[in-house]
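First up is the structure itself, then whatever we jot down about it.
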Amino acid sequence: MDLLNLSAWQISAKLKEKELALSEVVSFFRARIERLNPRLNAVVSLFDTPLGPEKGSDSNLWGVPLLIKDNICIKDRQATCASKILKGFTSPYDATVIERIKKAGLVILGTANMDEFAFGSSCENSCYGPTRNPWDHGRVPGGSSGGSAAAVAAGLVPLALGSDTGGSIRQPASLCGVVGFKPTYGRVSRYGLVAFGSSLDQIGSLSRDIADAAHLLKILSGSDARDSTSSQRPVDDLSASLRDDVKGMKIGLPRQYFVRGLDEQVKARVEEAIALLKAKGAAFTEIDLPHTEYAVATYYILASCEASSNLSRFDGIKYGRRVSDKHLISVYRKTRKEGFGNEAKRRIMLGTFSLSSGYYDAYYLKALKVRTLIKKDFQEAFKKYDAIVTPTSPTPAFAIGEKADDPLSMYLSDIYTISCNLAGIPAVSIPCGFTKEGLPIGLQLIADNFAESRLINIAYAYQSATDWHKRFPKEL
Amino acid sequence: MSIDREATEHIARLARIDLQSEEIDYYAFQLSKIVSYIAKIDELDLKSVPASFSPHTETNVYRDDRVCEFDNRDGLIKIFPASQEDFIKIPKVIE
């Protein structure tokens with residue numbers, strides 16, 4: 001049986017019908033990881049014994065293997081956030097999403113590479129070295145969930161978990177040609193996700209198609225007493241939205257996202273995708289999100305401030321790496337000097353600066369106010385429109401090393417994804433074609449808070465008429 | 001806005017990160033560039049705009065203050081960077 005071309009939910013159905021054996025499925029994907037990962041470097045740790053399926057577990061994805069981003073805690077397994085400061089750290093507990101995945105009977109094969117502490121858009125900032133884009137090994141897979149996206153794109157696993165603070169699921173999904181779903185802030189518990197930006201982070205899925213994303217999102221979602229920011233709102237029946245019907249849907253196209261800097265081939269593929277959805281009955285209108293140009297600046301102030309606070313816990317005292325010294329402060333300073341990579345240091349210092357005396361009002365407080373304006377832009381748009389469509393990334397995958405010495409240029413590659421995290425709204429990237437060089441391009445769908453069903457509906461309609469999501473890179 | 005060597009050293013001190021001399025110039029240059037960019041938000045009139053600390057309406061979430069057992073004490077002890085029996089060993093706090 002051609003396991004590679006089955007969706008995750010189809011693999012599960014065949015396991016339950018006994019057309020496939022669990023050992024066959026697990027061996028197939030483990031073998032692909034062993035063969036292809038040395039070149040791709042998408043997988044940080046392949047467990048000797050996969051975790052699951054647990055006795056008594058059940059779901060639409062029972063028996064399906066997946067990878068977990070290295071910043072999500074799995075009990076008795078290492079969670080290093082791709083950082084030297086956490087090398088060897090073994091988590092004493094399961095994240096809520098891991099508990100839910102175990103109850104649903106999925107099989108955890110291992111952990112996926114990422115940018116250190118989720119700081120990055122290329123998966124180059126990892127203590128394990130960069131992950132390579134399966135479509136062109138000289139290019140980045142995107143980040144920070146680059147390992148997760150690359151693994152799904154290359155068929156190492158049908159599913160992976162990622163986290164998204166400023167686009168870290170959607171942008172690598174776009175660059176790798178897979179589906180990357182960021183839920184509404186509060187939809188999925190953050191308990192057990194190593195915090196980067198606590199008002200921005202969300203765990204989400206990387207998958208080949210939207211049906212798999214819907215099934216996995218249903219498993220992950222729901223309120224959690226251990227995360228006080230998690231929503232009490234009941235979870236919709238997300239699979240009911242897997243319908244090929246967008247007739248009458250009103251979709252906004254923000255003028256500010258189709259400007260200079262958008263690669264011509266990305267623009268062309270996105271316009272073709274819009275035409276396809278129009279032909280299916282959706283109506284598109286140009287809209288304004290007037291504060292878009294301030295989103296990157298706002299995000300990098302707020303995210304860095306939250307990061308500098310969240311990463312103060314990595315001090316060599318309670319867990320992780322410790323560089324010994326006679327004096328307490330020197331332990332902190334030397335441990336953090338040796339343990340953190342350049343981008344981590346840069347973001348911590350940017351956040352520390354923005355929160356420091358004399359600058360707090362000028363940067364952090366102001367950025368919080370711009371956040372209000374960006375939220376209002378979306379609130380206004382969603383009064384009239386069911387969804388918003390944009391490119392996910394202004395360019396296809398760039399070369400490894402191309403932006404390594406220009407952090408600002410790297411930050412600007414998040415320009416289309418960042419606003420959704422500031423506003424807390426859900427968004428998904430789905431593959432919508434390729435450049436003539438064979439690099440994937442992603443289409444971003446954005447909806448109002450807790451309107452994941454609408455995103456699933458539009459994505460399903462699009463994927464019913466296209467096969468971009470079914471393609472695999474050549475095994476180079 | 002330019003972040004010079006002295007400012008970078010001050011920030012690194014606050015952030016509890018040791019930097020070598022050549023690293024100070026490296027980060028000073030990059031931080032200056034980034035800070036100049038993020039100052040873009042000064043273009044906006046924000047006097048009457050409220051701050052949003054969170055994407056959603058912020059309300060406090062309370063729970064009963066109940067003592068419960070954590071079920072993996074050994075897992076916590078195992079990850080201490082230095083230990084003696086079940087105790088974590090840390091640098092002297094009060095000199």
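Just so it is clear: chains get the letters A, B, ... in the order the sequence lines come, proteins before strands, and each one is counted from 1. Just so we're clear, the structure is a prediction, and the values are computed from it rather than from any experiment.
- Put simply, the side chain of B/N72 gets close to the backbone of A/P92: a donor and an acceptor are under 3.5 Å apart.
- Heavy-atom distances place no part of A/L355 under 4.5 Å from chain B, backbone and side chain included.
- Here CZ of B/F80 is found 12.0 Å from CD1 of A/I317. Values are rounded to the nearest 0.5 Å.
- You'll find the side chain of B/K33 reaches within 4.5 Å of the side chain of A/D406, heavy atoms only.
- In terms of heavy-atom proximity, A/N449 sits nearest to B/H56 at OD1-CE1, 3.1 Å.
- Both the backbone and the side chain of A/H327 come within contact range of chain B, judged by heavy atoms closer than 4.5 Å.
- Atom-to-atom distance recorded for A/K345:NZ and B/I11:CD1 is 15.0 Å, nearest 0.5 angstrom.
- For chain A, the nearby parts of B/I17 are the backbone and the side chain; heavy atoms of each come within less than 4.5 Å.
- Here the CG atom belonging to B/N60 is positioned 8.5 Å from the OG atom belonging to A/S228, to the nearest 0.5 angstrom.
- Contact check for A/T229 versus B/S54: no side-chain heavy atoms found under the 4.5 Å cut-off.
- Taking the side chain as every heavy atom from C-beta outward, B/I90 and A/V331 never approach each other to under 4.5 Å.
- By the 4.5 Å heavy-atom criterion applied to side chains, B/V35 and A/F353 are counted as neighbours.
- Side-chain contact check for A/M349 versus B/L19: some heavy-atom pair is nearer than 4.5 Å.
- The shortest non-hydrogen separation linking A/R336 to B/A15 is NH2-O, 2.9 Å.
- Using a 4.5 Å heavy-atom threshold, the side chains of A/R346 and B/Y26 count as touching.
- Interface residue A/L422: only backbone heavy atoms are found under 4.5 Å from chain B.
- When B/L44, B/I34, B/D42, B/D71 are compared by the number of non-hydrogen pairs under 4.5 Å with chain A, B/L44 comes out ahead.
- With respect to chain A, the highest number of heavy-atom pairs below 4.5 Å among B/L14, B/I41, B/D18, B/T8 belongs to B/D18.
- Taking CG of A/L373 as the start and CG of B/L46 as the end, the distance is 6.0 Å to the nearest 0.5 Å.
- Both the backbone and the side chain of A/K334 come within contact range of chain B, with heavy atoms under 4.5 Å apart.
- When B/H10, B/E43, B/R63, B/R73 are compared by the number of non-hydrogen pairs under 4.5 Å with chain A, B/E43 comes out ahead.
- Neither the backbone nor the side chain of A/E338 comes within contact range of chain B; no heavy atom of the residue lies under 4.5 Å from a heavy atom of that chain.
- Contact annotation for B/K78: only side-chain heavy atoms (C-beta onward) come within less than 4.5 Å of a heavy atom of chain A.
- In this structure, A/G316 and B/P81 approach most closely via the heavy-atom pair O-CG, 3.7 Å.
- Side-chain contact of B/Y27 with A/N342: a donor-acceptor pair under 3.5 Å is present, judged by distance alone.
- Contacts with chain A were tallied for B/A82, B/A51, B/G75; B/A51 has the most, counting heavy-atom pairs under 4.5 Å.
- Contacts of B/Q20 with chain A are made by both backbone and side-chain atoms, with heavy-atom separations under 4.5 Å.
- Proximity of B/P55 to A/I425: side-chain heavy atoms (C-beta onward) are nowhere separated by under 4.5 Å.
- Counting heavy-atom pairs closer than 4.5 Å to chain A, the top-ranked of the candidates B/I88, B/V61, B/T59, B/V49 is B/V49.
- In this structure, chain A has no heavy atom under 4.5 Å from any part of B/Y62.
- When the shell of 6.0 Å around NZ of A/K337 is examined, it contains more than 12 heavy atoms from other residues, nucleotides or ligands.
- Only the side chain of A/Y359 comes within less than 4.5 Å of a heavy atom in chain B; its backbone stays farther off.
- Looking at B/L31, only its side chain comes within 4.5 Å of chain A, counting heavy atoms on both sides.
- Contacts between A/T372 and chain B at a heavy-atom distance below 4.5 Å involve backbone atoms as well as side-chain atoms.
- Contacts between B/R13 and chain A at a heavy-atom distance below 4.5 Å involve backbone atoms as well as side-chain atoms.
- Taken from OH in A/Y411 to OH in B/Y37, the straight-line distance is 12.0 Å, to the nearest 0.5 Å.
- Looking only at side-chain heavy atoms (C-beta outward), A/Y363 and B/I38 come within less than 4.5 Å of each other.
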